Novice: 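Supplied in structure tokens, the structure appears directly below.
Please read all numbers here as calculations on a predicted model, not as lab measurements. Order of listing sets the numbers, starting from 1, for every ligand and every atom in it. Heavy-atom basis, side chains included; hydrogens, waters and symmetry copies ignored. Along the sequence shown, residues are numbered consecutively beginning with 1.
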Amino acid sequence: MEQEPMRTRTWQTDATHPDVAVLAEAAEVLRQGGIVAFPTETVYGLGADGTSEKAVARVFSAKGRPADNPVILHVGRRAWVDHLVREVPTAAEALMERFWPGPLTLVMERGQRVPDIVTAGLPGVAIRMPAHPVALALIRLVERPLAAPSANRSGRPSPTRAAHVARDLAGHIDGILDGGPCQVGLESTVLDVRRDPPVILRHGAVTREMLLEHLPAVGEHVGGGAPPESPGLKYRHYAPDVPLEIVGGPPAERHRALKEARRRLSAEGKRVAFLVTEEAQMMGPDVYLLGTDRDPATIAASLYGHLRTADDSGYDRILVEGVEESGLGRAVMDRLRRAAEAPPGRD
Ligand code: TXA
Ligand code: MG
């Protein structure tokens, strides 16, 4: 059910030295059951008191999120995890030590105190400790785990700036903490540590290669469809209204294919957005620079912002240059493939 439009406050804060008075106000709103968007190192999250069924329900309703898609609990300290899970697997201990705070979400056996709505009734609970100084300080001030999905309207790209959050959710949430752009730009890696070896449910900023430095083996969900342990994956995280196509292949080949497509489509009178790397050497008002092939982190950081712009600018089609699928490139391609698929649903 649509809520009446409400006033959404915006607080500005420095990203590295958060303004404590500002965070205290936002924390109070959260303690009272409000919903507030805040920056993390990956994307903006829409936070609610993770111990309150009612507060978390407001998050689902503001986003238009399907009720069978569980949300991540964001903790302020490692010790909080013990209250949220039945047991901490040995593998998880080393991973938390190495990667927290940071963009790694661990799925463990859920403890009794976790509200049903958080896990969508599943036996596992997903937990991470974000590395962003604003997020971490906020969670510690609330003194409760924050349930927080990405702060976009379902079916839109995750927000990497406060303006993206406002575009999707102003009038539907209590506040937005604006801490500037997110560094990583893609969502966290989701790893199921109940399994041995642990299984990657969603690729993200902590890459498979990085995990393998701390684990003897890492599993991956293979085959079509969503694994039953992560129903959220059956929803497209981003479902553009206009067709999105990936132009792949080795660099020289895809650069040629992009230019060829540009000639052909413009002759047909089509308005096409090109999201390409510097190496493609394309220029013009329809070209959005994704960063450089030499560093997939630059591509990850700019991707969602460009997708939003392209989506909002009335193009007939979006063409995106593919990237090499190693390291962070794997997470980038994963998101792009989902966006390019026929719509099975929305997230
Ligand atoms: O980087 C991130 O992870 C961001 C920031 C805000 O922390 N959050 C985020 O949340 O991307 P969301 O809700 O957009 O994506 C969470 C993913 C979904 O694919 C969901 O299905 C999965 O994690 N997930 C959450 N709880 C789970 C659980 N109990 N078992 C399995 N998968 C779970
Ligand atoms: Mg999301």
Novice: Short N/O distance, under 3.5 Å, between Glu187 and ligand 1?
Specialist: no

Novice: Using a 4.0 Å cutoff against the non-hydrogen atoms of Gly45, which atoms of ligand 1 qualify?
Specialist: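 Here the atoms of ligand 1 in question are 6 (C).
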
Novice: May I ask you to list the atoms of ligand 1 that are less than 4.0 angstrom from any heavy atom of Ala126?
Specialist: 25 (C), 26 (N), 27 (C), 29 (N)

Novice: Tell me whether the Mg ion (ligand 2) has Ser158 as a neighbour, meaning an N, O or S atom of it below 2.8 Å.
Specialist: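 No, Ser158 does not qualify, because none of its backbone or side-chain N, O or S atoms lies under 2.8 Å.
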
Novice: Give the single entry among Ala147, Ser158, Pro70 that approaches atom 25 (C) of ligand 1 most closely by any heavy atom.
Specialist: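 Residue with the shortest heavy-atom distance to the ligand atom: Pro70.
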
Novice: Closer than 4.0 Å to some heavy atom of Val43 - which atoms of ligand 1 meet that?
Specialist: 4 (C)

Novice: Using heavy atoms and a threshold below 4.0 Å, how should the contact between Glu109 and ligand 1 be classified: side chain, backbone, both, or neither?
Specialist: neither

Novice: Nearest non-hydrogen atom to atom 29 (N) of ligand 1 belongs to which of Ala205, Gly124, Pro130?
Specialist: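 Nearest heavy atom to atom 29 (N) of ligand 1 lies in Gly124.
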
Novice: Without placing hydrogens or testing angles, list every side-chain donor-acceptor pair under 3.5 Å for residues 134-146, not counting sequence neighbours.
Specialist:
residue: Arg140; atom: NE; partner: Gly76; partner atom: O; Å: 2.8
residue: Arg140; atom: NH2; partner: Gly76; partner atom: O; Å: 3.0
residue: Arg144; atom: NH1; partner: Asp49; partner atom: OD2; Å: 2.8

Novice: In plain terms, say whether Asp82 and Arg77 are close enough for a salt bridge, that is, a side-chain N and a carboxylate O under 4.0 Å apart.
Specialist: no

Novice: Which is it for Val125 and ligand 1 at heavy atoms under 4.0 Å: side chain, backbone, both or neither?
Specialist: backbone

Novice: Just one of Arg208, Arg335, Glu325, Glu220 clears the side-chain hydrogen bond (donor to acceptor under 3.5 Å, both in side chains) bar with His203, so which one?
Specialist: Glu220

Novice: Here's a test for you: under side chain to side chain contact (heavy atoms under 4.5 Å, CB included), which of Val165, Ile173, Ile35, Leu169 qualifies with Thr8?
Specialist: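 Testing Thr8 for a side chain to side chain contact (heavy atoms under 4.5 Å, CB included) against Val165, Ile173, Ile35, Leu169 leaves exactly one candidate, Ile173.
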
Novice: Can you tell me if Arg110 has a non-hydrogen atom under 4.0 Å from ligand 1?
Specialist: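 For ligand 1, residue contact (heavy atoms, under 4.0 Å) with Arg110 is absent.
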
Novice: Should Asp168 and Arg308 count as an ion pair when the cut-off is N to O under 4.0 Å?
Specialist: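 Salt bridge flag = yes for Arg308 with Asp168.
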
Novice: Pull out every atom of ligand 1 sitting under 4.0 Å from any heavy atom of Pro149, numbered as shown with elements.
Specialist: 10 (O), 12 (P), 13 (O)

Novice: Using 30° and 60° as the class limits, which term best fits the ring planes of Tyr288 and His306: parallel, tilted or perpendicular?
Specialist: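 Tilted.
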
Novice: Could you tell me, atom by atom, which parts of ligand 1 come under 4.0 Å of a heavy atom of Ser150?
Specialist: 8 (N), 9 (C), 10 (O), 12 (P), 14 (O)

Novice: Which ligand 1 atoms, with their elements, are less than 4.0 angstrom from a heavy-atom of Thr42?
Specialist: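 Atoms satisfying the 4.0 Å criterion: 1 (O), 2 (C), 4 (C), 5 (C).
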
Novice: When you check the gap from the basic side-chain N to the acidic O, do Glu213 and Arg98 get nearer than 4.0 Å?
Specialist: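 Answer for the salt bridge query: no.
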
Novice: Just wondering, more than 12 heavy atoms not from Arg113 lying within 6.0 Å of its CZ?
Specialist: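 Not buried by this count: 12 neighbours or fewer within 6.0 Å.
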
Novice: Counting the benzene-type ring for Trp, do Tyr304 and His164 have ring centres under 6.0 Å apart?
Specialist: no

Novice: Should you measure from each heavy atom of His74, which atoms of ligand 1 turn up under 4.0 Å away?
Specialist: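 In order of number, 5 (C), 6 (C), 7 (O).
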
Novice: Salt bridge or not for Arg128 and Glu41, using N-O below 4.0 Å?
Specialist: yes

Novice: Measure from atom 13 (O) of ligand 1 to every heavy atom in Arg128, Lys63, Arg202, Arg65 and give the option owning the shortest one.
Specialist: Arg65

